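To keep things clear, I will list the structure first and then write my remarks on it.
The chains referred to below are lettered A, B, ... by the order of the sequence lines, with proteins before strands, and numbering in each begins at 1. It should be emphasised that the depicted structure is a prediction, and the values quoted were computed from it without experimental measurement.
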Amino acid sequence: MRTAAASLDLVRPRSVDDALRSIADDPSLAPIAGCTDVFVGLNAGTFAGTRFLDLWPLEELREIGIRNGAISIGALATHTAIQESPAVVSRVPILAAACREIGGAQIQNRGTLGGNVANGSPAGDTLPVLAVAEAVVVLRSATQERRIPFTSFFTGYRQTVRRPDELIVAFELPPLDQVQWFRKVGTRAAQAISKVVMAVVGGERPRVAVGSVAPTVIRCTRTEAALAGGATFDEASRIVESEVQPIDDLRSTADYRRRVCGNLLRRFGTETQR
Amino acid sequence: MPVVGTNVPRKDAAEKVTGSAKYVDDLAFPGMLHARTIRSTIARGRIRDVRLPFDRAGYTVVDYRDIPGRNAVALIEDDQPLLVEREIRHVAEPIVLLAHQDRDALLRARVEIECEPLEAIFDPQQSVQVLKDLRIVKGDVDAALARTDVIVEGEYRTGHQEQLYIEPNGVIAVPENGGITVYGSLQCPFYVHKALRIALGFPADRIRVVQTETGGGFGGKEEYPSVIAAHAALLALKSKRPVKLVYDRLEDMLATTKRHPSIVRHRTGVTRDGDLVAMDIDVLMDGGAYVTLSPVVLSRGAIHAAGPYRCDHVRIAARAVATNTPPNGAFRGFGAPQTQFALEVHMERIAETLGMDPARFRELNALRPGDTTATGQRVEADCSALQVLEQAAQRSDFHAKRERYAGTNRGIGLALFFHGAGFTGSGEVTLASRAALATSERGVRILVGSAEIGQGTRTMHAQIVADSLGIPYDDVETALPDTSSVPDSGPTVASRTCMVVGGILQRCAEELRARIGDLHPAEHFRRHGPTVVTKQYEPPHGIRWDDDTYRGDAYATYAWACDVAEVEMDPDTYEIRPIHFTAVQDIGKAIHPTLVAGQIEGGTAQGIGYALLEEVVMRDGAMANAQMTNYLVPTTLDTPTMDVVIVETPSHHGPFGAKGVGEMPIDGPAPAIVNAIRHLGLDIRQIPATPERIAEAACVSV
């Protein structure tokens with residue numbers, strides 16, 4: 001049942017520092033920005049929190065730029081802004097591709113990269129891209145800033161290493177020169193939630209990440225090792241099928257997801273090799 | 001200048017486009033309360049105790065003891081209670097109603113319901129509670145089957161489907177003049193009126209039902225508004241305040257009706273040359289927890305189960321059974337999409353067995369004028385099954401594409417189908433609908449209970465009246481469907497609003513013209529004051545139907561259609577994308593061609609969803625994916641280009657030759673698409689044909 005709106009509290013910080021102080025004082029505050037996930041949860045009565053920290057007005061967290069050779073994307077960069085960023089489009093086109101697949105135009109205008117990650121859904125469309133891009137998550141608290149490899153960020157289903165007094169402020173993506181590939185499978189052609197979402201980076205050190213097939217987005221390290229060791233894509237497909245751990249749920253079946261993972265990897269092979 | 005057959009501006013266009021049209025949730029009344037429904041969370045059980053552990057000041061609380069009349073949703077049977085007394089028969093069954101002026105206060109109130117759970121039945125094949133069964137018998141099936149060369153058998157399944165009108169169910173009940181007025185989003189104001197009369201025990205003149213602008217229905221607002229209207233009325237009577245009860249999407253999907261799931265078995269005898277000899281058909285429909293409209297859904301489904309084909313020996317055994325899910329109900333097509341899906345996929349398999357071209361096989365067996373249907377009805381000169389088949393095959397380049405696509409990821413398939421217009425059997429005679437025309441300052445005012453639910457009722461009726469009277473379209477007005485001021489023209493269902501109600505209006509116009517002579521009705525109004533002409537439905541001559549034997553003229557006439565679907569399969573994801581669609585549909589006469597094309601395109605899109613995407617996931621008797629994020633309906637990107645061809649073979653039963661158009665378009669897409677998938681080499685006999693099911697079939701086929 002829908003959550004009663006009057007039972008909710010909203011704190012509106014004036015700056016990032018102000019936000020960090022608020023969350024240090026009251027770690028029960030749930031950071032929110034575009035609210036594209038929050039409203040769904042409140043509407044269905046499944047969102048546990050009642051106290052919110054509204055980050056949306058903090059312009060300084062929206063920047064997309066190049067720093068020390070890496071692209072830095074502010075946590076509040078929207079999916080629309082990411083698609084429109086020349087830096088992203090030229091260096092990590094698969095991130096723009098992933099953002100283009102999220103919801104519809106309205107969701108893309110409100111939803112943020114930080115929100116997609118913080119929400120922690122294993123079906124988050126940008127997550128496999130961040131995983132293969134070996135992104136770094138920049139976490140900041142009132143007292144310190146730390147950089148966590150994206151692949152270490154999630155610890156379980158919707159669980160992360162973020163401490164209650166920290167905010168995700170940015171993502172840093174190192175240069176990516178190898179061939180990159182992305183595919184979302186959601187059955188409906190638009191406005192769909194992923195049944196399988198895969199990102200792959202080729203080259204000497206191949207990287208394969210898949211969403212919606214385990215409690216968190218996963219890097220398929222055995223598959224990567226096999227590919228690095230010269231395995232064929234048929235062989236690698238069989239490995240990726242055994243490496244993912246999908247379940248039957250509302251949206252799809254474990255069998256289907258497993259088989260599609262194998263097919264997608266094979267497709268990456270045929271589309272990008274020779 | 002005549003307007004029938006032209007694309008005049010919709011009567012409701014300006015208000016809807018500018019946003020000034022008022023839907024029920026746009027309305028507010030002084031002192032209005034908001035309402036909430038407390039529902040069961042188990043599929044079957046007995047209520048032991050209901051506790052309301054909150055301060056009840058400011059709240060109005062209603063349970064079954066507050067019902068002044070009968071605790072029943074008056075429809076075909078009275079088995080469904082408005083509010084559960086003791087026995088729960090499905091999840092989301094209403095038990096207690098709350099009202100409060102503050103929506104948040106409503107959400108905060110906690111109601112505890114203690115139940116003793118009982119074993120529930122979800123598999124219709126396990127159910128022994130038959131809601132309705134019927135048999136249609138023509139010739140001697142057993143004897144005919146015993147002497148045929150080839151027998152093809154098969155079982156076909158269809159799932160629930162959610163109507164997903166854009167505006168959820170909602171009403172406002174206002175106590176006034178010693179009675180109650182209900183404003184609501186609904187298709188059938190007089191159904192609601194009757195239900196209120198029985199629930200409240202009020203005389204008819206103390207109940208008034210007014211249809212507000214309605215954001216779609218598709219059958220989903222045929223019977224359910226009776227429930228929600230009675231709930232709001234009970235709260236309004238108890239609180240003596242106006243009460244608004246509007247469902248949100250989740251509640252609407254969880255609690256209201258869906259299309260009946262079906263299991264249809266076919267056993268068909270056919271000669272090696274492809275002549276149908278005998279059709280033995282078994283239809284099972286899952287009615288859910290109460291009777292509601294299941295008998296009539298089953299009836300239409302059964303009558304359409306043998307399709308638009310001639311066959312001397314037909315036996316159709318059909319039954320609807322109860323399960324512990326929310327009652328299934330009216331949905332565009334009303335049983336016919338289920339049975340025609342089964343038949344058309346089965347016909348494809350027969351053609352395949354015979355090694356025959358699927359269009360040729362249908363051509364051999366399609367009904368021609370003078371042939372008889374399964375119920376023994378002789379179809380008239382407007383039977384155009386052969387023409388639509390031929391035209392669809394030509395337009396779509398069916399045969400060339402069938403060869404060209406062979407062995408690729410593309411497939412092409414067709415479905416031939418028909419749809420009876422108006423109520424089944426003696427239904428229209430029993431309804432005895434009335435419509436009226438009144439002269440006005442402007443010209444003439446249409447008085448009907450037919451609801452505009454987006455399909456164009458007001459526009460189409462005004463066109464019929466304008467031309468029948470010989471006055472400009474702009475001089476025709478339409479009264480609000482308000483039971484206190486319009487006659488009961490029957491429910492807005494069954495593809496009857498044009499053919500049946502439009503036909504009565506045409507007769508009203510003819511009589512009005514005879515009465516006022518050559519004068520413009522506005523001039524007559526100025527000189528003589530108001531003139532009102534009311535007419536009642538008159539059954540066409542020579543129409544006979546026997547409800548006991550299911551023999552005779554099931555419908556005054558039928559519309560005929562052929563769909564051709566072209567699909568492409570993604571070999572990696574097993575997703576089926578329709579790439580082109582040809583819909584050739586003979587609806588007698590397109591009063592407003594753009595609206596007709598809209599009905600065909602919309603029904604086709606809804607049928608594509610039914611075929612490929614829309615899966616109601618039931619867990620323990622509850623829809624587990626009651627959200628638009630997880631219940632997938634097609635977007636524009638999932639809908640292919642459509643070549644819509646409107647064929648006009650006039651029927652003498654409808655105004656200007658018109659038949660029904662609203663429902664037929666949803667009968668064909670699912671079998672056409674599944675037959676196109678069959679062309680890919682995949683044996684699918686169940687919809688929706690989700691990628692998961694395609695993957696399974698691909699695994700078997702490889």
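The nearest pair of heavy atoms linking Arg183(A) to Glu575(B) is NH2-OE1, 3.9 Å. Closest non-hydrogen pair, Leu632(B) versus Gly186(A), comes out as CD1-O, 3.9 Å. The heavy-atom pair separating Leu637(B) from Ala189(A) by the smallest distance is CB-CB, 3.7 Å. Scanning both residues, Ala44(A) and Leu250(B), for their nearest heavy atoms gives CB-CD1, 4.2 Å.
Surrounding CZ of Arg51(B) are more than 12 heavy atoms belonging to other residues, nucleotides or ligands, all under 6.0 Å away. Under a cut-off of 6.0 angstrom, the local environment of CZ in Arg158(A) is crowded, with over 12 non-hydrogen atoms contributed by other residues, nucleotides or ligands. With a 6.0 Å radius and a threshold of 12 heavy atoms from other residues, nucleotides or ligands, Arg222(A) has its CZ atom above the threshold. The environment of CG in Leu10(A) is crowded: more than 12 heavy-atom neighbours from other residues, nucleotides or ligands sit within 6.0 Å. Other residues, nucleotides and ligands place more than 12 heavy atoms under 6.0 Å from the CZ atom of Phe54(B).
The closest side-chain heavy-atom distance from Leu250(A) to Arg619(B) is below 4.5 Å. Within the 4.5 Å cutoff, no side-chain heavy atoms of Val40(A) are placed close to those of Thr629(B). For the pair Thr573(B) and Thr187(A), the minimum side-chain heavy-atom distance is 4.5 Å or more.
Contacts of Glu615(B) with chain A are absent, with no heavy-atom separation under 4.5 Å from either backbone or side chain. Residue Asp102(B): no heavy atom, backbone or side chain, is found under 4.5 Å from chain A. For Arg36(B), the part sitting under 4.5 Å from any heavy atom of chain A is the side chain, from C-beta outward, and nothing else.
With chain B as the partner, the residue from Thr3(A), Val260(A), Asn43(A), Val196(A) showing the most heavy-atom pairs under 4.5 Å is Val260(A). Across Ser7(A), Ala4(A), Ala190(A), Gly103(A), the residue that shares the most heavy-atom pairs under 4.5 angstrom with chain B is Ala4(A). When Arg249(B), Arg577(B), Arg103(B) are compared by the number of non-hydrogen pairs under 4.5 Å with chain A, Arg577(B) comes out ahead.
At distances below 3.5 Å, not a single donor-acceptor pair connects side-chain atoms of Tyr256(A) with backbone N or O atoms of Tyr574(B). Side-chain atoms of Arg251(A) do not come within 3.5 Å of backbone N or O of Asn630(B) as any donor-acceptor pair. Side chain of Arg259(A) to backbone of Ala695(B): a donor-acceptor contact under 3.5 angstrom is found.
Contact check on Glu692(B) versus Lys195(A) returns a salt bridge, with a Lys/Arg side-chain nitrogen under 4.0 Å from an Asp/Glu carboxylate oxygen. Under 4.0 Å is where a charged nitrogen must lie from a carboxylate oxygen, and between Asp572(B) and Arg267(A) at least one such pair does.
Remark: Asp248(B) CG to Arg2(A) CZ distance equals 4.5 Å, nearest 0.5 Å.
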